[in-house]
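First the structure, in the form of structure tokens, and then the observations on it.
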Amino acid sequence: MTNDFPEGFRFLPSYFDKSAQEALVEEIRAAVRAAPLFRPFMPRTGKPFSVRMSNCGPLGWVSDIKGYRYQPRHPETGEAWPEMPAVLSRLWADVAPDAPPPEACLINYYEEKARMGLHQDRDEDTFDAPVVSVSLGDTAVFRLGGTARKAPTRSFRLSSGDVLVLGGASRLAYHGVDRLIPGSSTLLAGGGRINLTLRRVTAPEAEA
DNA sequence: GAGTCACG
DNA sequence: GGCT
């Protein structure tokens with residue numbers, strides 16, 4: 001079977017064990033207490049996303065009627081985003097050792113019916129570093145395609161504790177979440193799924 | 001005419 | 001396939 005998929009993605013199943021997942025959830029709960037989940041809106045149409053989100057790290061991804069962008073403050077509270085948890089910096093150092101440190105961790109919270117249409121992550125100034133994804137809670141049916149929207153796609157499941165690294169040619173691959181599998185995890189008390197994506201946003205400064 | 005589409 |  002041919003595989004014309006972009007290369008460079010790495011799927012690391014069960015990267016985090018149960019206790020690491022629980023600790024990570026506590027870190028995210030703390031971050032979300034400081035920077036509450038907000039509902040983004042699609043540019044132009046103003047249609048609400050089905051996911052809610054927040055961020056940690058120096059920059060956060062937001063979307064509203066004006067467009068997609070990274071900004072240093074929460075769109076509703078005006079506060080700076082919480083610090084990047086150390087465990088996520090360590091994950092990045094492990095899977096992206098040659099990349100400069102991550103600047104944004106987007107926190108997406110999926111309730112049972114939430115989905116994410118096929119899209120590319122291309123709001124960053126640099127695509128040199130990979131996007132690193134961590135799944136927590138209910139399993140997601142994930143879809144990964146190529147760098148052209150019409151390219152063929154494949155779907156696979158992302159379970160709690162799995163890490164997916166989109167680097168190299170896959171850095172700009174279309175991807176999305178078709179649906180959740182409700183009840184597939186007991187990690188989150190109320191069900192649902194948390195997805196964390198770590199990104200480098202700005203090009204690192206040239207060395208003197 | 002593409003879209004973090006919309007639906008079956 | 002349909003709408004912005």
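So you know, we letter chains A, B, ... as the sequences are listed, proteins then strands, and number each from 1.
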- Would you say the side-chain atoms of Asn55(A) and Trp61(A) include a donor-acceptor pair closer than 3.5 Å? no

- Message: If we ignore hydrogens and angles and just use 3.5 Å, is the side chain of Arg193(A) paired with the main-chain N or O of Ser160(A) as donor and acceptor?
- Response: no

- Item | 5'-to-3' dot-bracket of DNA chain B (Watson-Crick, G-U; under 3.5 angstrom; crossing pairs as [ ]; | other strand) | .||.|...

- Message: Counting only side-chain nitrogens and oxygens, does Arg149(A) get under 4.0 Å of the OP1 or OP2 atom of dG3(B)?
- Response: yes

- Message: Surrounding CZ of Arg69(A) (heavy atoms of other residues, nucleotides or ligands, distance under 6.0 Å), is the total greater than 12?
- Response: yes

- Query: Rounded to the nearest Å, what distance is computed from the NZ atom of residue Lys150(A) to the C1' atom of nucleotide dG1(C)?
  - Reply: 16 Å

- Nearest whole angstrom, please: distance from the P of dC5(B) to the NE2 of His175(A). 12 Å

- Among all residues two or more places apart in sequence or in another chain, which pass the side-chain contact (heavy atoms from CB on, under 4.5 Å) test with Pro48(A)? Arg39(A), Phe41(A)

- Task: In whole angstrom, give the distance that lies between atom CD of Gln120(A) and atom P of dA2(B).
- Result: 13 Å

- Query: Taking the side chain from Gln120(A) and the backbone from Ala173(A), do they hold a donor-acceptor pair closer than 3.5 Å?
  - Reply: no

- Item | Ser135(A) side chain to Asn195(A) backbone, donor-acceptor under 3.5 Å | no

- Message: What's Asn108(A) touching, base or sugar-phosphate or nothing? Going by heavy atoms closer than 4.0 Å.
- Response: nothing

- Which whole-number value in Å describes the distance from Arg44(A) CZ to dT4(C) C1'? 9 Å

- Item | Residue pair Met84(A) / Pro102(A): nearest heavy atoms and the distance that separates them | CE-O, 3.8 Å

- Message: So Val25(A) and Arg29(A), do their side chains get closer than 4.5 Å, heavy atoms only?
- Response: yes

List every contact pair, protein side and nucleotides 6-8 of chain B side both N or O, where the distance is under 3.5 Å.
none

